2 protein chains.
Amino acid sequence: MWSYARRVPKPEVDPTVSLELSVDRSSPVPLYFQLSQQLEAAIEHGALTPGSLLGNEIELAARLGLSRPTVRQAIQSLVDKGLLVRRRGVGTQVVHSQVKRPLELSSLYDDLEAAGQRPATKVLVNTVVPATAEVAAALGVAEDSEVHQVERLRLAHGEPMAYLCNFIPPGLLDLDTAQLEATGLYRMMRAVGITLHSARQTIGARAATLAEAERLAEPEGAPLLTMQRVTFDDTGRAVEYGTHTYRPSRYSFEFQLLVRG
Amino acid sequence: MWSYARRVPKPEVDPTVSLELSVDRSSPVPLYFQLSQQLEAAIEHGALTPGSLLGNEIELAARLGLSRPTVRQAIQSLVDKGLLVRRRGVGTQVVHSQVKRPLELSSLYDDLEAAGQRPATKVLVNTVVPATAEVAAALGVAEDSEVHQVERLRLAHGEPMAYLCNFIPPGLLDLDTAQLEATGLYRMMRAVGITLHSARQTIGARAATLAEAERLAEPEGAPLLTMQRVTFDDTGRAVEYGTHTYRPSRYSFEFQLLVRG
DNA sequence: TCAATGCGTATGTCCGGACAATCGAACTAC
DNA sequence: GTAGTTCGATTGTCCGGACATACGCATTGA
């Protein structure tokens with residue numbers, strides 16, 4: 001029963017690669033981090049080819065004048081990123097690429113900018129409203145208490161791409177309309193010292209209502225991609241609740257998943 | 001400019017919680033893993049309430065008769081899962097809940113089963129076909145080379161939920177139709193020793209074609225949720241390419257994201 | 001009253017070593 | 001020739017300690 005899988009992983013193991021590595025002990029940057037960055041750069045740059053062995057940890061540590069735990073910490077961080085695979089009794093090898101980056105807690109603004117498009121934002125609504133039951137539950141505030149509401153239209157190349165409706169608890173952020181149009185909501189949060197921690201997302205689809213269709217320049221009933229998200233900071237507070245709709249012809253969610261080891 | 005965010009994180013720090021913890025040194029289960037599981041269970045169970053401090057590592061290590069690195073390894077694994085947050089000079093505290101589980105590389109079958117629904121599968125097609133350019137590129141095989149094709153209909157409560165079309169490289173798996181109907185594709189892969197490593201996914205939406213609509217008992221032109229996925233094992237081989245369509249009224253993607261620290 | 005300073009505390013980083021578990025390949029025996 | 005065994009190589013786990021760094025708080029000073 002094991003024969004199928006056992007037979008195929010051919011011993012196509014590239015020889016161990018010798019690499020120029022060095023660390024700066026006078027730098028405030030942790031040694032393991034310096035090492036992991038150099039290794040990551042070498043992988044990205046192609047100096048470490050997929051499948052190649054990294055050489056055993058003990059010798060690597062000796063070569064760099066580091067201890068084995070430090071080297072292990074560097075390697076482990078890259079394993080967690082999905083760039084390396086460890087095999088007991090064999091060694092550590094570079095994963096056969098295709099790995100770009102795992103799914104991050106990214107904003108649409110960052111996504112678009114990374115794709116080379118300069119996103120434009122049009123703020124439609126920027127006001128304070130009493131929280132509905134749905135919003136209150138998501139943000140963990142009292143019903144009918146005041147929350148900020150922001151509605152935005154995100155454009156690329158002059159075409160509407162997404163309609164974003166967000167609710168933000170009061171007192172967190174100075175929601176300046178000009179700033180909202182110049183950057184993304186997440187950046188504004190990070191800029192005032194909020195440490196984003198996690199988010200709960202739901203991605204679905206539905207037919208566009210008349211109002212939605214008009215906003216996105218689509219016909220009524222057209223399929224829309226929807227996303228709802230509650231974002232939490234590291235203290236556990238909900239810092240944002242959003243309901244977004246995307247034009248599926250212009251945008252889709254693309255990401256990399258890693259199995260949890 | 002920092003005032004907004006700085007002022008809000010009130011010192012609502014719950015007192016340190018004392019907990020019954022113990023490890024079994026005769027067990028083959030690693031000590032750090034025993035500890036992390038107990039801590040996770042305590043959080044899940046409510047013994048460790050959100051916001052409560054975990055007590056310093058040194059004392060915890062002493063209390064358990066473990067070394068500090070071992071305790072740190074246990075704690076770190078829970079930090080990586082998003083359950084705990086470390087603060088230098090403060091301590092380690094339980095994240096303010098809402099955290100269920102991060103996005104995993106899960107199959108629809110597992111998702112449904114976890115939701116308490118007993119999924120049913122109907123295999124529509126189970127054959128071998130020459131790879132189209134699209135399939136060949138995704139799986140990294142030669143065009144027109146033979147690949148397995150499996151088309152399945154996934155049902156819950158007798159209603160169709162999703163239509164799954166998958167391509168699998170030859171020689172990997174024994175694609176028994178009965179087995180495909182009894183379990184999921186990922187389980188079959190794991191059962192023959194394939195170690196799943198990562199997947200590249202794209203989630204979008206579109207209007208149903210006539211054929212798609214009929215298969216899913218939807219009207220033509222109805223919005224569908226779509227997902228394409230290429231899955232890789234730890235040797236970097238592509239082991240599966242799939243094109244799935246879901247009924248958005250019956251299924252949506254729901255998951256938790258963590259920021260990469 | 002408010003800002004600057006110092007101190008205790010907890011995590012962050014790093015070291016050097018030890019033994020166990022596992023994989024692959026060479027070797028041996030049948 | 002084939003199956004089983006042994007053995008070297010490499011990572012996995014764990015220990016005990018040391019010093020650095022950052023945060024919160026109390027104290028001090030203007």
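This is a predicted model, so every value here is computed, not measured. Letters go in sequence order (proteins before strands), and every chain restarts at 1.
- Of the side-chain N and O atoms in B:Arg68, none sit less than 4.0 angstrom from OP1 or OP2 of D:dG16.
- Here the nucleotide nearest the side chain of A:Arg72, chosen from C:dT13, D:dT11, C:dG12, is D:dT11.
- For B:Glu143, the side-chain contact (heavy atoms from CB on, under 4.5 Å) partners at least two apart in sequence or on another chain are B:Ala133, B:Ala136.
- For a distance-only test at 3.5 Å, the side chain of B:Arg87 fails to qualify as a donor-acceptor partner of the base of C:dG12.
- When the side-chain nitrogen and oxygen atoms of A:Ser67 are compared with OP1 and OP2 of C:dG17, none of them lie within a distance under 4.0 Å.
- Among the protein residues, A:Pro69 comes within range of the nucleic acid bases, having at least one heavy atom under 4.0 Å from a base atom.
- Under 4.0 angstrom from either OP1 or OP2 of D:dC15 there lies at least one side-chain N or O belonging to B:Arg25.
- For B:Arg88, the side-chain atoms get nearest to C:dT11 when compared with the rest of C:dT11, D:dG12, C:dT13.
- Out of C:dC14, C:dC23, D:dT13, the shortest distance to the side chain of A:Tyr32 is found at C:dC14.
- Ranking C:dA10, D:dT13, C:dC23 by closeness to the B:Asn56 side chain, first place goes to C:dA10.
- Distance CD (A:Gln93) to C1' (C:dG24): 13 Å, rounded to an integer number of Å.
- Both A:Ile58 and A:Pro28 lie close to DNA chain D; mapped to their nearest nucleotides by heavy-atom distance, the more 5′-ward contact belongs to A:Ile58.
- For the pair A:Gly89 and B:Gly91, both in contact range of DNA chain C, the more 5′-proximal nearest nucleotide belongs to B:Gly91.
- Ring planes of B:Phe167 and B:Tyr241: parallel class, angle under 30° (limits at 30 and 60°).
- Distances shown here put a side-chain N or O of B:Thr92 below 4.0 Å from the OP1 or OP2 atom of C:dT11.
- With distances taken from any side-chain atom of A:Pro30 to the nucleotides D:dC23, C:dC23, C:dC14, the minimum falls on C:dC14.
- Residue A:Arg86 contributes atom CZ, which lies 12 Å from atom C1' of D:dT13 at whole-angstrom precision.
- For A:Asp176, the side-chain contact (heavy atoms from CB on, under 4.5 Å) partners at least two apart in sequence or on another chain are A:Ala178, A:Gln179.
- For the residue pair B:Val29 and B:Gln34, the shortest heavy atom distance occurs at O-NE2, 2.9 Å.
- Between B:Leu180 and B:Leu185 the shortest side-chain heavy-atom distance falls below 4.5 Å.
- Distance CD1 (A:Ile75) to P (D:dT11): 7 Å, rounded to an integer number of Å.
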